[in-house]
Structures are given as structure tokens and as C-alpha cells.
Chemist: 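Pasting a structure here, questions to come.
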Amino acid sequence: MRAIALVDLDDTLFQTLRKCPPDVPHQRLTALGFAKDGSPLSYATPRQMRFIQWLAETTHLVPVTARSLDALRRARIPFRAAVCAHGGVVLDEAGEVDARWEGMIAARAASHAGELAGLAEAITVVAQTRGVAINARVLLEGDMPLYTLAKHADADDATLFAVVDAAVPALPPGWTDHRNGNNVALMPPYLGKRHAVAHILPGLRARFPDAPVIGIGDSLTDAPFMGLCDFAMMPTRSQLAGGLFDGA
Ligand SMILES: [Mg+2]
């Protein structure tokens, strides 16, 4: 064991066609994320493919993703353990759902169901008033409500953010407002990649005491879980990098 890599997926290892670098020809992209009907949704560049291969060969690779368990399983990434649904679901080293974590999240989720639905409703009302096509709903894992997700179908990101700002002027204390590209996720306090990584990290440290842990991600909301790792890595063109490398 050389290292443990806790790795965000979307916009780190692959992305939608729209976000792929324009200088990479379409035929050189590899589809890695798929819709329920099997059609490709997300693609890796040749360099991202080599990066994934390098991680797979030299690290204990654990995806840490906002994807639902179902969507994670529709991504062609080698893994057994994983954190998915923004930390709402943990897969153990056998690839099975961590029942203890699930029980804890379910208990907390139940008491936030009404609040999550209220946020989705408020966003829908403002979107309709403004005549903007926005889909706002409570994201479920099984029948467990996890967070409120708002996406625009054909509006731009700024319009989506303006609608959410008008509908939800302030989140309750401890909540997280995750925005990146065309989606906004409003997450209650118990949800977040950092909580789930804090749950799995002691076990990984015990199994591989001297292995350095590398956190890899692209979003501002990846930073908290990356902060639990020994090293952090990000795409140089990413929300998390901000303009840090623009002059390079
Ligand atoms: Mg990401």
C-alpha cells in the first residue's frame, strides 16, 4: 500500500461533454459515466484516463462523490469502498452499504424531511413566478430524504442562483449551500463528505498506518473532507483552485 486516495469524481476525474476541454477531439474522450438507459453522460480526457489508471495502480482508491449510490454504480471507476450521496451513504471495504452509518443518517434525515421539502417548494414557487425552468426536489437515497437539489434545464447558472437566493435568503445554521455549475444542493448539518470521511478514515488509518492520505476534489465543498487528509490535490482549472493558477 503506497497511498490512500479519497477522490471526488465529477469534474475531477471526468465531466460532461459541455465541460470537456475544447482542444480534445471528441473521439479521444472515453465515456465513464452513464445514464439509467445506458447512454453516456460523462467523459474523461486521455490525461484523466491515465490519472485514473495511475491512482488505481498505486493507491487504495475510495470515491468520495455527490453521486447517489445508483449513479456511482453507473460510473466506470474501480472501487470497493466509497462515500456517495454527499456523504449520505458509505460503502464498506466489501462494497456493502455501511448499515451503522445508514442508520445514523436515516434517523437524522427523518427529522429534516419537512424542512427539505419546504425549501424545494419555495424554489419552485419563485421559479414559476419568474417563468424559469428549474427543477427543485428532495433527493432521496432509497426512501431516505437527504438534501434539496435545484437544477436548471436550459437557463444559465446565474439565473438559477438568483432564483435560489430569492427563495432561500438564508439557510438555517450549520446547513451547506453547494453550488457548482448547473446545480445547487442545500444540505442539512449532518450531511457532507467531511462527516462520512471522518467516519471511514480511522479504519483506513488502522489498516494502512503509514500510508499518506491524499484528498482530491474540484469544488469548494470538497475542501472540508480534503482537510482531513495529509495532502490535497485539485484540478488547476476548478472552482476550488479559483484563480490561483491563472497567471501560471
Ligand atoms: Mg466534483
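In each ligand, atom 1 is the first atom listed, and ligand 1 is the first ligand listed.
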Chemist: Among the N, O or S atoms that D8 has, which is closest to the Mg ion (ligand 1)?
Modeler: OD2

Chemist: For the Mg ion (ligand 1), what is the closest N, O or S atom on D10?
Modeler: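 Nearest to the Mg ion (ligand 1) within D10's N, O and S set: O.
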
Chemist: How long is the gap from CZ on F225 to CZ on R194, to the nearest 0.5 Å?
Modeler: 11.0 Å

Chemist: So, D8 and R67, do they make that salt bridge, N to O below 4.0 Å?
Modeler: no

Chemist: Using 0.5 Å steps for rounding, measure from the CD1 atom of I105 to the OH atom of Y190.
Modeler: 7.0 Å

Chemist: With K193 as reference, evaluate D222, T176, T65 under the side chain to side chain donor-acceptor pair (under 3.5 Å) test and give the passing residue.
Modeler: D222

Chemist: Starting from the Mg ion (ligand 1), look over the N/O/S atoms of D218 and name the nearest one.
Modeler: OD1

Chemist: Would D11 count as a contact for the Mg ion (ligand 1), in the sense that one of its N, O or S atoms lies under 2.8 Å from it?
Modeler: no

